[in-house]
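Order of appearance sets the numbers: ligands from 1, and atoms from 1 within every ligand.
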Amino acid sequence: MSVLTDLVAALDSGALKVVDLTQPLGPETPVIGLPPIFAASPGVSMEVISRYDDKGPAWYWNTITMGEHTGTHFDAPVHWISGKDYPNNRCDTIEPRRFIGPACVIDVTDEVKKNEDFILMPEHVVAWEKAHGKIPRGAWVLLRTGWSARTDPAAFLNVKSDGAHSPGFHKTTSELLAKDRDVLGVGVETVGTDAGQAGTFDPPFPNHATMHGNAKFGLASLCNLDQLPPTGAIVIAAPLKIVDGSGSPLRVLAIAPA
Ligand code: MN
């Protein structure tokens, strides 16, 4: 198929570039905090099995432990109670075609600079579509907020006396994207796909409830969204094939015009 040889040629010539939308994953990776009545997700821990030593003279490898939803990660529909009964709703059963789609990048960096609790409303989506065309079916909608510039974990999680503060989606926006635009899912730069204050919303965590309630996906803790055009890139986001997995850390790659 010439489209595939053309793709490789364009990557080799530099006409297309690969953009890594993934944060480093390690013991320093910040994890979401929940109210203490709920079970917490552990951070990343790594333990050496052997490193060219008595335990393995010629090889190096580690044991890693973490929650499924750690660092740059994928949310499967089964992650949320609203998505628990869909067929093929978990990491090992999702149809792999659904990991790949065109990227629609909505840039609200300026709004978030003014208001760290910025909520994306349907009007913002409609205004973006006036400029860039209608969001196609099967797209990844990526919310570019500039949040990944917060490299200090405390600033990234941004927890205050009344909980976390970070941008997210209004329920009606998630409904528009999931039901009407029929997207693959949404991706964000923050620790989760809901706003920091979304536990207080009605319903709580409306983006999770709505996206997964419509068998859609989530991508959290993305970076380098500023290297993507509003349209014209493709995102490949395939979680580990964890049996009965609710999500997984993953490497999110975009192919974009250089
Ligand atoms: Mn998650």
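Side-chain polar atoms of S50 and W61 form a donor-acceptor pair below 3.5 angstrom. Between the side chains of H212 and N214, not a single donor N or O lies within less than 3.5 Å of an accepting N or O. A donor-acceptor pair shorter than 3.5 Å cannot be found between the side chains of E47 and N62.
Because the distance cut-off is set at 2.8 Å, D75 qualifies as a neighbour of the Mn ion (ligand 1) through one of its N, O or S atoms. Metal site remark for the Mn ion (ligand 1): H79 contributes no N, O or S atom at a distance under 2.8 Å.
Within H69, the N, O or S atom lying nearest to the Mn ion (ligand 1) carries the name ND1.
The aromatic ring centres of H79 and F205 sit 6.0 Å or more apart.
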